[in-house]
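Heads up: the structure comes next, in structure tokens.
Position 1 is the first residue of the sequence; numbering continues from there. All figures in this text were calculated on a predicted structure; none of them were measured in a lab.
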Amino acid sequence: MFAIASAMLFFLAFLINAADIATNDVFSSVNVMLLGFTALALHLAGAGGWARTRTSRRR
């Protein structure tokens, strides 16, 4: 889930930068990209993934 969010944030940062959209200091392309890096780091750390349960099978 965090990987999808980071991909969307990176794409949004690219659009802001490529279209040269003037935004305020809080919503700049660099800040959006840093939010994307944060979401990517959370994804790589294992947060927000599917819960894995241990199942024991008896034969």
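Taking both residues in full, the closest heavy atoms of A13 and M33 are given as CB-N, 3.9 Å, listed atom of the first, atom of the second, then distance.
Residues that satisfy the side chain to side chain contact (heavy atoms under 4.5 Å, CB included) test with L34, not counting sequence neighbours, are V30, N31, F37. L12 meets the side chain to side chain contact (heavy atoms under 4.5 Å, CB included) test with I16, F27, V32; sequence neighbours excluded.
Around the CD1 atom of I4, the shell of radius 6.0 Å holds no more than 12 heavy atoms that belong to other residues, nucleotides or ligands.
The OG atom of S6 sits 9.5 Å away from the CG atom of L42 when rounded to the nearest 0.5 Å.
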